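Below is one structure, written out as structure tokens; comments come after it.
We use all heavy atoms of the structure for the numbers below, so side chains are in, but hydrogens, waters and symmetry mates are not. Because the structure is a prediction, the values reported are computed rather than measured. So that the names make sense, note that chain A is the first sequence line, chain B the second, and so on, each numbered from 1.
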Amino acid sequence: MSGPAAGERPIADEAPPVMRTWPRVYRFVLGYLAALIFLMWLFTRHYRPGAS
Amino acid sequence: MTPIDWIVLFAWLIFLVSYGLWRGRGSNSVNQYLLAGKTMPWYAMGLSIMATQASAITFVSTTGQGFVDGMRFVQFYLGLPIAMVILCATAVPIFHRAKVYTAYEYLEKRFDVKTRSLVTAVFLIQRGLGAGIALAAPAIVLSVVLGWSFQSTTLVMGGLVILYTTLGGIKAVTHADVQQMVFIMGALVLAFGLSITLLPSDISFLDAVKLAGAAGRLNAIDTSFDLNNRYNLWSGLIGGGFLMLAYFGTDQSQVQRYLTGKSIGQSRLGLLLNAMAKVPVQFFILFIGAMVFVFFLFQRPPLLFHPVEMKRVALTAEYPALQARYDEALNAREAAARRVKDGAPVAQLRSAQQQVDAVRADAQKLTHESDTNYIFLSFVTRYMPVGLVGLILGVIFTAAMSAISGEINSLATVTMIDVYQRHMHRGGNDRHYLMASRLATVFWGCYAVAFANFAQGLGTLIEAVNQVGSLFYGSMLGVFVLAFFLKQVRGTAAFCGVVAGQLAIFAVARFTSVAYLWYNVVGALVVIAVGYGLSLVGGENPKPVAQEI
């Protein structure tokens, strides 16, 4: 088959900026999600009807 | 709309299409046309992924949802960051190293041709339906607001999308999406600022937030567990997580985006940008809806936000009594809001709001269509300054085009790679396949326009079909989990797993009241269980190409 090939170049897998390893970046993103959920929970609780 | 708004609207459309075409120039090989030559930077991929996901109907209906139902819809996206992390660690490097154009091409490398063909067929059915509806749903809303016929709206939208997607390929789509996303955010910030500055002078921003809370519109997180409740923390994290894994991990409209990355790291960063931005952006859009709700506590809203239905209801015998009841309820609600602002209990505001909702519900019974999608547009067209109305409507218009272009581009890619090249014409040269890709793009664009015109007559079924996109994702996710993680599973077992998963999802949808986000969990688990179970009892030989991935 002489059809297209998706990539002739070798695929690079470089380290991420700032945190140096991908697992650290993933932990940061998951921690960020946990913080977001906590803040939104506080927000909901603070402003729920009859809270104040 | 004023003439200036029309000029701004058309100028924006011309700019976006021209910009997409300019950035898409040089797409003269299949690799350039379908994967942008694998040269895309992470921020372009990330913004393009967000733009494809945020269609116009999401834009107008999410704000409407914040107005009517509060902010609980944000929980739908809570599983997204988890899904992004899992995909960055698994699917992104696997797809990149497999050097594929489509996710389904990988399934033949890992399993066999029948599994690839089955999942390709599932994708083409599901996305084919989605493309028509992605065009029809915003076209219905925009045709009403712009005063165009539905056919004209779909033709303009579809024609422009076909033009830049066919000529520029994925580079044009991605670069147009980046502009689109930047302007969407700008338009949202403007709308938010306006909803605050137009409040009465004695109502501060904090008062507005307090009133939105008192009316139950700031209900972002619900920690109760209920399988029949569509949006709570658990359905979002688990059901939403599975849906996002399936959407971003197996849907070609998303996979193709991160395959355009110049490296695995760039693709990962693009997905992680989406992981970090999506939840706050959705929170912000819903919050705007809540602020528009507060704005209408002090500005008299129409009985119905749908302009055509409002005119129709105004001609009925019931209208005068309804309007009188509505005026009375609005007066009581505004008075209650002012008392709550000054520290009174919220019960009066809740009760007054129930009266308003009851009158609106009675008026809705006289109509054919819900007006939730018209709330934000009603606010924009009535209260935005001249020029900005045209810009915001233009942005909504092109948001629809952005979602459709991504869909027809991915449909064309799968048609060319997984159907035409694999089953119909295996010995062609690059030029031949490039032409086939362009023709497939034109075909799917025309199909979307034709199906949109058919779907318009289906009425509320459009919403139903939209919601049950989850009918297919679970089994698609399941087969990729088998492919990535269970090396002992072979083609026939995976194929049977997909069939069983699909049947299980249909059974759950038909015979239970389980909320649709959970279909993704059920489908994926059945595919995995059946595929793995059959591999334990079956005797298929291992497939050697699996080592390369």
Side-chain angles (χ1 to χ4, degrees), chain A, chain B residues 29-31 34-35 38 71 74-75 78 81-82 84-85 88-89 93 96-101 105 209-210 212-216 218-223 233 237 259 262-266 268-269 272 275-276 279-280 283 343 345-347 349-350 417 421 425-430 432-434:
Chain A
M1 183 169 64
S2 61
E8 286 77 25
R9 291 184 292 117
I11 303 297
D13 185 6
E14 72 271 42
V18 187
M19 292 184 201
R20 289 185 296 184
T21 70
W22 288 107
R24 276 189 205 149
V25 177
Y26 300 153
R27 280 196 292 274
F28 173 77
V29 172
L30 294 177
Y32 168 81
L33 172 66
L36 274 183
I37 292 173
F38 180 66
L39 289 173
M40 288 193 295
W41 177 77
L42 284 180
F43 176 81
T44 303
R45 212 174 131 78
H46 184 74
Y47 286 110
R48 72 180 188 272
S52 53
Chain B
S29 69
V30 172
N31 190 270
L34 300 181
L35 294 183
K38 286 189 171 282
M71 298 181 64
V74 74
Q75 296 166 115
L78 294 180
I82 300 169
M84 295 294 101
V85 165
C88 284
H96 264 290
R97 289 183 184 127
K99 296 185 176 175
V100 290
Y101 280 95
E105 201 182 346
V209 178
K210 181 179 169 184
L218 303 184
N219 50 347
I221 296 291
D222 174 3
T223 53
L233 178 64
L237 281 174
L259 284 179
K262 64 175 89 165
S263 67
I264 293 172
Q266 292 288 305
R268 281 176 171 148
L269 287 174
L272 293 175
M276 299 198 58
V279 175
F283 183 91
V346 298
L349 178 59
R350 301 280 284 181
I417 298 291
Q421 189 195 29
H425 190 102
R426 301 197 70 169
N429 58 26
D430 194 72
H432 175 86
Y433 289 124
L434 178 62

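- Only the side chain of Met71(B) comes within contact range of chain A, with heavy atoms under 4.5 Å apart.
- Contact of Trp41(A) with chain B is made through backbone and side chain together, with heavy-atom distances under 4.5 Å.
- Interface remark: Gln75(B) contributes no atoms to any contact with chain A (heavy atom separation under 4.5 Å).
- Residue Leu349(B): no heavy atom, backbone or side chain, is found under 4.5 Å from chain A.
- Of all heavy-atom pairs spanning Val29(A) and Pro81(B), the tightest one is CG1-CB, 4.3 Å.
- Contact check for Arg268(B) versus Val25(A): no side-chain heavy atoms found under the 4.5 Å cut-off.
- Between chain A and the options Val279(B), Asn219(B), Leu78(B), heavy-atom pairs under 4.5 Å are most frequent for Leu78(B).
- When each of Ala347(B), Ser29(B), Pro280(B) is scored by its heavy-atom pairs under 4.5 Å with chain A, the top score falls to Pro280(B).
- Residue Phe28(A) touches chain B through its side chain alone, counting heavy-atom pairs closer than 4.5 Å.
- Within the 4.5 Å cutoff, no side-chain heavy atoms of Val85(B) are placed close to those of Leu33(A).
- Residue Val209(B) touches chain A through both its backbone and its side chain, counting heavy-atom pairs closer than 4.5 Å.
- Looking at Ile37(A), the atoms closer than 4.5 Å to chain B (heavy atoms on both sides) sit in the backbone and in the side chain alike.
- Pro17(A) touches chain B through its side chain: at least one heavy atom from C-beta onward sits under 4.5 Å away, while N, CA, C and O do not.
- Atom CG of Leu272(B) is separated from atom OH of Tyr32(A) by 11.5 Å, given to the nearest 0.5 angstrom.
- Only the side chain of Leu233(B) has a heavy atom closer than 4.5 Å to any heavy atom of chain A.
- Interface residue Tyr26(A): backbone and side-chain heavy atoms are both found under 4.5 Å from chain B.
- One finds the CD atom of Glu14(A) at 7.5 Å from the CG atom of Leu269(B) (value rounded to the nearest 0.5 Å).
- For the options Cys88(B), Ala275(B), Pro345(B), heavy-atom pairs under 4.5 Å to chain A are most numerous at Cys88(B).
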